[in-house]
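In what follows, a structure is listed as structure tokens, so that the remarks can point back to it.
In the text below, chain A, chain B and the rest are named by the order of the sequence lines, each starting its count at 1.
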Protein chains: 2
Amino acid sequence: MSVTLDYVPQLRARGYRMTSQRMAILRVLHHFGGHLSPTQVYEQARKQLPNLTETTVYRTLEFLAEHGLARSAHMGNGHLVYEIAQHEHHHLICRNCGNTVEVKHSLLKTMYQKLESSSGYKLTDSHLTFFGLCSDCK
Amino acid sequence: MSVTLDYVPQLRARGYRMTSQRMAILRVLHHFGGHLSPTQVYEQARKQLPNLTETTVYRTLEFLAEHGLARSAHMGNGHLVYEIAQHEHHHLICRNCGNTVEVKHSLLKTMYQKLESSSGYKLTDSHLTFFGLCSDCK
DNA sequence: CATGCTATTGCAAGAAGTTGCAATAAGGAA
DNA sequence: TTCCTTATTGCAACTTCTTGCAATAGCATG
């Protein structure tokens with residue numbers, strides 16, 4: 001049990017608290033592995049914590065993403081999904097069949113550097129979603 | 001008047017129609033130039049067309065984006081905004097102060113090519129939003 | 001210019017996401 | 001262990017976005 005307990009010190013160090021709601025949501029993300037919509041997270045987590053509210057799920061997911069424990073990604077048309085934070089990667093989605101491919105961050109590294117030096121910005125978030133047609137559909 | 005009329009043949013050729021709603025929305029996007037949220041578009045366009053509905057605005061913006069007359073972009077946390085389709089560009093947004101910078105597509109060209117050859121995908125949409133800290137905030 | 005096909009709209013109901021505020025409960029300190 | 005501070009949650013009301021379906025209106029055709 002309790003991958004989730006590993007996160008406690010990370011939170012405490014910054015003045016935040018570990019709660020049963022956060023644990024349940026982290027457990028869901030961790031166990032499922034892939035992308036989940038807020039509603040999906042809510043349905044799963046509620047099995048462990050029946051009086052969890054959707055409000056809390058939305059707020060918690062945003063909180064986790066902001067503090068690096070989860071990542072958010074834009075799918076299809078402007079909807080956010082979340083996954084547990086692991087290796088840095090991006091997504092490539094087929095507009096036609098919806099097929100999704102992971103893209104290693106290393107492929108974009110040079111471009112990130114070019115972008116930083118030309119703009120003066122320090123890029124923080126690092127999840128991009130690209131849309132296109134996969135080899136079958138094009 | 002009627003930049004909007006220029007679009008008529010584009011639509012007809014593909015079997016779509018030019019309507020007063022589409023004209024009003026295109027006019028708003030064209031006149032404003034920058035990013036607008038669906039609600040902002042609705043409020044502006046309604047001045048010209050009082051019985052326009054929000055439903056239609058949402059559907060029209062999606063339609064225009066799908067057919068290349070407008071572009072959609074993800075801002076802040078998962079909300080879509082739209083602008084008239086012009087030169088290809090991307091955005092760089094400061095997480096702290098919200099300041100926004102345009103990024104020329106040419107800067108990302110090499111990366112797009114790398115991505116296409118390594119994935120087999122043909123990239124279609126070409127608007128990305130990057131998040132970071134601007135030179136003042138970092 | 002009248003007709004017919006069907007793309008497009010408006011309406012109404014619903015789903016998804018947000019916000020303010022008072023009540024609750026982590027977890028540090030006594 | 002108990003107390004206290006305040007981060008976090010739940011509730012309720014609200015805004016934003018989506019969907020199905022019947023009514024409307026572009027526009028090609030005769």
Side-chain angles (χ1 to χ4, degrees), chain A residues 2 4-26 28 35-46 48-67 69-70 72-82, chain B residues 2 4-26 28 35-46 48-67 69-70 72-82:
Chain A
S2 277
T4 58
L5 289 182
D6 300 350
Y7 294 117
V8 177
Q10 278 189 69
L11 293 181
R12 294 296 327 151
R14 292 188 252 180
Y16 302 115
R17 298 172 184 172
M18 179 54 82
T19 64
S20 56
Q21 291 85 343
R22 285 181 183 167
M23 286 210 280
I25 290 170
L26 279 167
V28 167
H35 291 161
L36 289 169
S37 70
T39 306
Q40 291 172 313
V41 172
Y42 171 63
E43 314 232 287
Q44 292 304 312
R46 201 162 49 142
Q48 304 169 41
L49 218 63
N51 51 347
L52 178 68
T53 61
E54 272 191 281
T55 308
T56 298
V57 172
Y58 281 105
R59 284 197 279 226
T60 300
L61 289 172
E62 198 183 336
F63 170 89
L64 295 175
E66 199 174 334
H67 292 91
L69 310 194
S72 66
H74 301 286
M75 301 305 269
N77 267 291
H79 280 200
L80 281 182
V81 292
Y82 292 84
Chain B
S2 277
T4 58
L5 289 182
D6 299 350
Y7 294 118
V8 177
Q10 277 189 69
L11 292 181
R12 292 300 319 154
R14 294 188 251 181
Y16 303 115
R17 297 170 184 174
M18 180 54 84
T19 65
S20 57
Q21 291 86 344
R22 286 181 184 166
M23 286 210 281
I25 290 169
L26 278 167
V28 167
H35 290 162
L36 289 168
S37 70
T39 306
Q40 291 173 312
V41 171
Y42 172 63
E43 314 231 288
Q44 292 305 311
R46 201 162 49 141
Q48 303 170 40
L49 218 62
N51 51 347
L52 177 68
T53 61
E54 272 190 280
T55 308
T56 298
V57 172
Y58 281 103
R59 284 196 279 226
T60 300
L61 288 172
E62 198 183 336
F63 170 89
L64 295 175
E66 197 174 335
H67 293 90
L69 310 192
S72 66
H74 300 285
M75 301 306 269
N77 268 291
H79 280 198
L80 281 181
V81 293
Y82 292 84

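Under the 3.5 Å distance criterion, the side-chain polar atoms of B:Q40 are matched with a main-chain donor or acceptor of B:S37.
Taking the nucleotide of DNA chain C with the nearest heavy atom to each of B:G15 and B:T56, the more 5' of the two is matched to B:G15.
Between B:Y16 and B:F63, the ring-plane angle classifies as perpendicular under the 30° and 60° cut-offs.
Of the candidate nucleotides C:dT8, C:dG10, C:dA25, C:dT8 has the atom nearest to the side chain of B:R17. Listed nucleotides: D:dT8, D:dT9, C:dT9. Nearest to the side chain of B:T19: C:dT9. Taking only side-chain atoms of B:R22, from C-beta outward, the nucleotide of D:dT8, C:dC11, C:dT9 with the closest atom is C:dT9.
For the pair A:R12 and C:dA26, the criterion of a side-chain N or O lying under 4.0 Å from OP1 or OP2 is not met.
Contact annotation for B:R59: base contact, defined as any heavy-atom pair under 4.0 Å involving a base atom.
With a 4.5 Å cut-off on side-chain heavy atoms, A:R17 and A:R12 count as touching. No side-chain heavy atom of B:V28 sits under 4.5 Å from any side-chain heavy atom of B:Y82.
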Dump every N/O contact between nucleotides 13-17 of chain D and the protein below 3.5 Å, one line per pair.
unit_1: D:dC17; atom_1: OP2; unit_2: B:Y58; atom_2: OH; d: 2.1
unit_1: D:dC17; atom_1: O5'; unit_2: B:Y58; atom_2: OH; d: 2.9

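Within the cation-pi definition used here (under 6.0 Å to the ring centroid, within 45° of the axis), A:R22 does not qualify as a partner of A:Y7.
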